[in-house]
Each structure stands twice: as structure tokens, then as C-alpha cells.
2 protein chains.
Amino acid sequence: MTRQRRVILEELKKMKSHPSADEVYEVVRQHLPRISLGTVYRNLEILSELGQIQKLELGGTLKRFDSNTRKHYHIRCINCDRVDDAPMVFMENIEDALDDSTGYKVIGHRLEFLGLCPGCMEKALERNTLDADSDTYAQKASNF
Amino acid sequence: MTRQRRVILEELKKMKSHPSADEVYEVVRQHLPRISLGTVYRNLEILSELGQIQKLELGGTLKRFDSNTRKHYHIRCINCDRVDDAPMVFMENIEDALDDSTGYKVIGHRLEFLGLCPGCMEKALERNTLDADSDTYAQKASNF
DNA sequence: CTAACTGCAAAAGCTTTGCTTTTCA
DNA sequence: TGAAAAGCAAAGCTTTTGCAGTTAG
């Protein structure tokens with residue numbers, strides 16, 4: 001447990017958002033100005049292997065990290081990419097709903113909700129563009 | 001509708017797998033040897049905007065494409081990254097289970113099952129390494 | 001004819017990796 | 001002191017983009 005790893009873990013625990021590696025880097029850098037991005041990536045990977053944090057592979061392009069290690073779902077804004085915890089019970093047994101025909105040994109599942117976050121909703125309403133934008137949103141929403 | 005776009009759509013419809021852009025490129029190239037990867041990307045994007053195909057953002061690093069435009073779920077092998085359709089009804093109303101406290105305008109959801117595909121199961125059993133591997137799998141499985 | 005599209009190549013964005021030096025137990 | 005890890009920079013992989021030339025309608 002190096003100083004770097006400790007600070008990364010501490011800072012991640014303080015963050016309620018679900019930061020990308022780069023966002024973690026920016027915060028940690030305020031405490032350890034000489035830390036490198038590679039070190040952040042390596043430690044986030046190691047911490048997730050140790051089960052001390054979760055690596056999230058949501059939609060969108062980049063990986064995110066979560067100091068909450070309990071199984072839970074997320075909701076993501078399709079406009080600004082903000083991610084929050086989804087307030088919903090975790091469905092332990094949803095895999096039972098799968099037909100056996102897959103031939104797979106099922107190990108788990110991932111559920112992500114998509115929507116517009118409060119901030120993006122408000123902005124869209126202010127500009128009176130929600131209707132105009134709705135095609136865009138509908139389009140984005142089709143790719144689940 | 002250029003020749004390139006038509007062939008991309010035709011070939012994707014023939015593919016039962018859920019190919020990445022590069023895999024589409026390789027197949028289309030057999031018909032149009034001079035097509036470029038950029039054209040494949042551009043057309044896959046356009047076709048998905050037109051609603052003629054689906055762009056899938058599953059876990060893992062790369063985007064995949066699906067000529068099946070109905071809403072449905074997927075199951076992915078955590079060992080080899082193979083993706084199949086998940087034989088399960090689509091839960092139209094699952095968003096109702098979300099607590100209103102999010103403040104989000106919920107537009108949709110995405111559900112992905114993770115597991116070991118038949119081929120990888122078999123290989124693991126042959127090598128009698130399923131137990132040895134299970135830590136690895138459990139680790140991978142924790143990142144949902 | 002011209003707006004849309006292609007091929008090509010370069011660039012961009014995120015993540016991983018090789019290597020040398022440093023740190024920690 | 002030796003194994004693990006850091007810092008730095010380069011490379012890797014997927015995707016996007018700029019541009020000049022081509023094509024479909």
C-alpha cells in the first residue's frame with residue numbers, strides 16, 4: 001500500500017460521482033502533484049482486483065470507478081454522461097428468467113438506466129428545445 | 001444509398017453474431033476490396049440513425065452492431081467476448097421500479113448478462129482448470 | 001449539376017506497457 | 001536488499017475527422 005494507492009482510494013471514497021480514471025487523476029494530483037496517469041490506471045485496476053472498489057463498464061466510451069462495492073445499478077444521462085446510482089433493489093435472481101437455451105454458464109448481469117439528468121432537463125426546458133431535441137434523444141435512446 | 005452502404009447493410013443482416021465495425025469491414029471487404037474502414041464506421045453510424053440497425057454499447061471496449069432492431073437483451077462471454085441474444089422477454093416497464101428520487105427523466109434501459117459461453121466452458125473443463133480459473137472469473141464478474 | 005459520399009491518412013481519445021529509477025517492508 | 005511500484009514516455013487500439021476526388025440521383 002503505497003502513498004499513491006492510499007490517496008487514490010481515499011479520494012475515490014470521497015467522490016459521490018462515478019469518476020473516470022482521468023477525473024481521479026485530476027483530484028489525486030492536488031495531493032500528489034508528481035503522480036502519473038499511468039500510476040492511477042494501474043492502481044485503480046489493482047484496487048478493483050482486490051475488491052476494494054468497483055470498475056464500471058457502462059455504456060459510453062470510458063471506464064468509471066466506484067468506491068461503493070455493493071452490487072447496484074446506475075442511471076446515466078444521455079446528454080452529459082453524468083452517472084448516478086439507480087435507486088432500485090438489486091435483482092439477485094433475474095438470471096433465472098433467462099431461457100436455458102443459451103448454453104451459457106451465467107455469472108451475473110448489468111443493468112443501466114438511461115435518461116436526462118435534472119440539469120440537462122432544465123436546460124432543455126429553458127431553451128424550449130425539448131421538442132426539437134427529442135428526435136436526437138429518441139435516436140440516442142434507441143441504442144440500448 | 002450507395003453501393004457501400006447497401007453492402008454493409010446486407011452483410012450485417014447475414015451475420016448472426018454482433019460484429020464490431022472492424023469485423024463488418026473484413027466481411028464487406030470481400031465484396032468491395034477498396035472500401036475503407038472510415039466508410040464502414042460512417043455508414044454504420046448513419047444506418048443506426050436511420051433506425052435500420054442497432055448500435056450496441058455493451059461492456060468491453062468496442063462498439064458492436066446488430067441488424068435486429070427490436071429491443072432485446074444480450075449475453076456476453078467474459079472470457080472470449082462472444083455476444084449472443086439473451087432469450088428473455090423485454091421488460092417494457094422495468095423503469096417503473098425506479099424510485100422517483102433520481103430527478104432524471106428516464107428514457108430507457110439496458111440489460112446485459114455475463115457468463116461463460118459453451119465453447120469457453122468446454123475448454124475450461126477439458127483443462128480441468130475451471131476451479132483454478134474461477135477466481136479470475138469471479139473477479140471479472142464483480143465489475144457489473 | 002451538386003449535394004452527399006468515398007478513400008486515404010492523419011489525428012484524437014482512452015488505456016496499456018516498457019523501461020529505468022525509486023520506495024517500502 | 002529485493003520485490004513491488006512509480007514516473008515518464010511511447011505505443012496500442014478503436015473511433016473520428018479533414019480533405020480532395022468521386023458518385024448517385
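Sequence lines set the chain letters: A, B, ... in the order given, protein chains first and strands last, and positions in each chain run from 1.
- Between A:Gln4 and D:dG7, a side-chain N or O to OP1/OP2 separation shorter than 4.0 Å is present.
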task: Show the numbers, then the answer: is there a salt bridge (charged side-chain N to carboxylate O under 4.0 Å, His left out) between B:Arg29 and B:Glu26?
output: CA-CA 5 Å; B:Arg29 209 140 70 116; B:Glu26 286 306 327; 3.3 Å; yes

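- Residue pairs meeting the ring pair (Phe, Tyr, Trp, His ring centres under 6.0 Å) criterion with at least one member in residues 24-51 of chain A, sequence neighbours excluded, do not occur.
- Side-chain contact, B:Asp22 with B:Ser20: no donor N or O sits under 3.5 Å from an acceptor N or O.
- As a whole-Å value, the separation of B:Ile46 CD1 from D:dT16 P is 12 Å.
- Around CG of B:Asp100, the count of heavy atoms belonging to other residues, nucleotides or ligands within 6.0 Å does not exceed 12.
- For B:Thr2, no side-chain nitrogen or oxygen approaches OP1 or OP2 of C:dA4 to under 4.0 Å.
- If you take CD of A:Glu23 and C1' of C:dT15, they are 15 Å apart, rounded to a whole angstrom.
- The residue among A:Arg42 and B:Leu37 whose nearest nucleotide of DNA chain D is located toward the 5' end is A:Arg42.
- Distance CZ (B:Arg29) to P (C:dG7): 12 Å, rounded to an integer number of Å.
- Taking atom CZ of residue B:Arg34 and atom P of nucleotide C:dG7, one finds them 8 Å apart after rounding to whole Å.
- Contact annotation for B:Asp22: no contact, since no heavy-atom pair falls under 4.0 Å across all strands.
- Here C:dC14 presents its P atom at 17 Å from NZ of A:Lys55, a figure rounded to the nearest Å.
- Ring pair A:Tyr73/A:Phe90: centre-to-centre distance below 6.0 Å.
- Within the structure, a side-chain polar atom (N or O) of A:Thr39 is placed less than 4.0 Å from OP1 or OP2 of D:dG7.
- For the OP1/OP2 pair of C:dT16 and a distance below 4.0 Å, the side-chain nitrogens and oxygens of A:Tyr41 include no atom meeting the criterion.
- Ranking D:dA6, C:dG7, C:dT15 by closeness to the A:Lys63 side chain, first place goes to C:dT15.
- Residue contacts shown for B:Arg3 are limited to sugar-phosphate atoms, with no base heavy atom under 4.0 Å away.
- The nearest whole Å value for the distance from the CD atom in A:Glu45 to the P atom in C:dT16 is 6 Å.
- Between B:Gly38 and A:Arg64, it is B:Gly38 whose nearest contact on DNA chain C lies nearer the 5' terminus.
- Distance B:Leu62 CG to D:dT16 P: 12 Å, rounded to the nearest Å.
- Atom OH in A:Tyr25 sits roughly 14 Å away from atom P in C:dT15 (whole-Å rounding).
- Among D:dT15, D:dC8, C:dT16, the nucleotide with an atom closest to any side-chain atom of A:Ser36 is D:dC8.
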